[in-house]
Amino acid sequence: MVLVPGMLCDAEVWADVRLPGPVVHAEITAPDLGGMAEQILSAVDGPFVLAGLSLGAIAGFEVARRAPDRLAGFCAVSTNAGAPTPEQLAAWTEFDRRTRAGGFGSVVAEQILPTMFADPNSVLRRRFLDMARRVGPETFRAQLAAQATRRDAHDAVAGLSCPVLVLCGERDALCPPGFHRAIAARAGRADVRVLPEAGHLLTVEAPRAAAAALHDWLCSTVSLVKES
């Protein structure tokens, strides 16, 4: 299983999610989605199960476009398969401008952090801020640039023959459940799980529930792959 983090996140975002079998953590640092997809594809040889969170899942949609035969399963977590809106593009441009001007910390703390959790506490805030600090301003700018290369990915989901799990938090302010139901509606073999009271970074805020959903689906997916 290849685990792909979201924007301003690293492998820590998956740290509390215990999964069966080996996992590989992929990085997404390229300034475009095509480059991010190639980073994911180069993380392992042969078929794999991809679990991507937020931007990690968006990069996963590009993997689905380029190499659907490599995917034995795809779990899209807290994400959006739609094209960017003008408002999003304008916000990312402003974040980039402020980051270039030395305002990385304030962008993260004032603009990004408030959208990450349903019920943030000091521990959750610190974990996210520590991840963002490790990722750093240059990778953040590359990730913002990659976001701007997004296009509608529902067709890529529709082209998948592998099992798909769509996992989201009921209180995700960035990517509400409706986004995820739209993704699942286009997939041929999809399950949707909505975690009550969880926000965007549900693997940090509700790790046990996220692990249970992923564990059940992964065991089923492995069984389906073996049968096929």
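What's counted below: heavy atoms across the whole structure, side chains too, no hydrogens, waters or symmetry copies. Here the structure is a predicted model, which is why all the values come from computation and not from measurement.
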Would you say Asp69 has more than 12 foreign heavy atoms packed within less than 6.0 Å of its CG?
yes

Can you tell me if CD on Glu27 sees more than 12 non-hydrogen neighbours from other groups inside 6.0 Å?
no

Shortest non-hydrogen separation from [X] to [Y] and the atoms involved:
X: Asp152; Y: Gly82; result: OD2-CA, 3.9 Å
X: Ala156; Y: Ala64; result: O-CB, 4.1 Å
X: Met131; Y: Val13; result: SD-N, 3.6 Å
X: Val157; Y: Ala187; result: CG1-CB, 3.6 Å
X: Ala72; Y: Pro163; result: O-CD, 3.5 Å
X: Ala81; Y: Ile183; result: CB-CG1, 3.7 Å

For the [atom1] atom of [X] and the [atom2] atom of [Y], what is their distance to the nearest 0.5 Å?
X: Arg18; Y: Asp16; atom1: CZ; atom2: CG; answer: 6.0 Å
X: Thr29; Y: Gln143; atom1: OG1; atom2: CD; answer: 8.0 Å
X: Phe95; Y: Arg98; atom1: CZ; atom2: CZ; answer: 7.5 Å
X: Met116; Y: Met7; atom1: CE; atom2: CE; answer: 7.0 Å
X: Leu55; Y: Ser78; atom1: CG; atom2: OG; answer: 12.5 Å
X: Arg65; Y: Leu160; atom1: CZ; atom2: CG; answer: 10.5 Å

Is there a continuous path of hydrophobic side-chain contacts, each under 4.5 Å between heavy atoms, that joins [X] to [Y]?
X: Phe74; Y: Val44; result: yes
X: Leu19; Y: Val164; result: yes
X: Leu89; Y: Phe179; result: no
X: Leu113; Y: Leu8; result: yes

Evaluate Arg171 against Asp119 for salt bridge (charged side-chain N to carboxylate O under 4.0 Å, His left out), listing each step before the verdict.
CA-CA 9 Å; Arg171 295 173 59 191; Asp119 290 309; 2.9 Å; yes

Would you check if the side chain of [X] reaches a backbone N or O of [Y] as a donor-acceptor pair within less than 3.5 Å?
X: Gln39; Y: Ala30; answer: yes
X: Glu62; Y: Ala59; answer: no
X: Thr115; Y: Ile112; answer: yes
X: Arg70; Y: Gly46; answer: yes
X: Thr149; Y: Ala146; answer: yes

Are [X] and [Y] within salt-bridge range, i.e. N to O under 4.0 Å?
X: Arg134; Y: Asp130; result: no
X: Arg127; Y: Glu205; result: no
X: Asp155; Y: Arg186; result: no
X: Glu38; Y: Arg66; result: yes

Do [X] and [Y] have side chains that get closer than 4.5 Å, going by heavy atoms?
X: Val204; Y: Phe117; value: yes
X: Arg181; Y: Val194; value: yes
X: Phe48; Y: Met1; value: no
X: Leu50; Y: Ile40; value: yes
X: His200; Y: Ser54; value: yes
X: Pro84; Y: Trp92; value: yes
X: Glu170; Y: Leu195; value: no
X: Leu53; Y: Trp14; value: yes

Could you walk me through whether Val2 and Val49 pass the side-chain contact (heavy atoms from CB on, under 4.5 Å) check?
CA-CA 6 Å; Val2 176; Val49 175; over 6 Å; no

Go through the steps for Leu167 and Trp217 under the test side-chain contact (heavy atoms from CB on, under 4.5 Å), then give the verdict.
CA-CA 11 Å; Leu167 182 62; Trp217 174 78; over 6 Å; no

Can you check side chain to side chain donor-acceptor pair (under 3.5 Å) on His180 and Thr79, steps first, answer last?
CA-CA 7 Å; His180 300 82; Thr79 197; over 6 Å; no

Suppose we screen for side-chain contact (heavy atoms from CB on, under 4.5 Å). Which residues come up paired with Arg141, at least two apart in sequence or across chains?
Asp96, Thr99, Arg100, Glu138

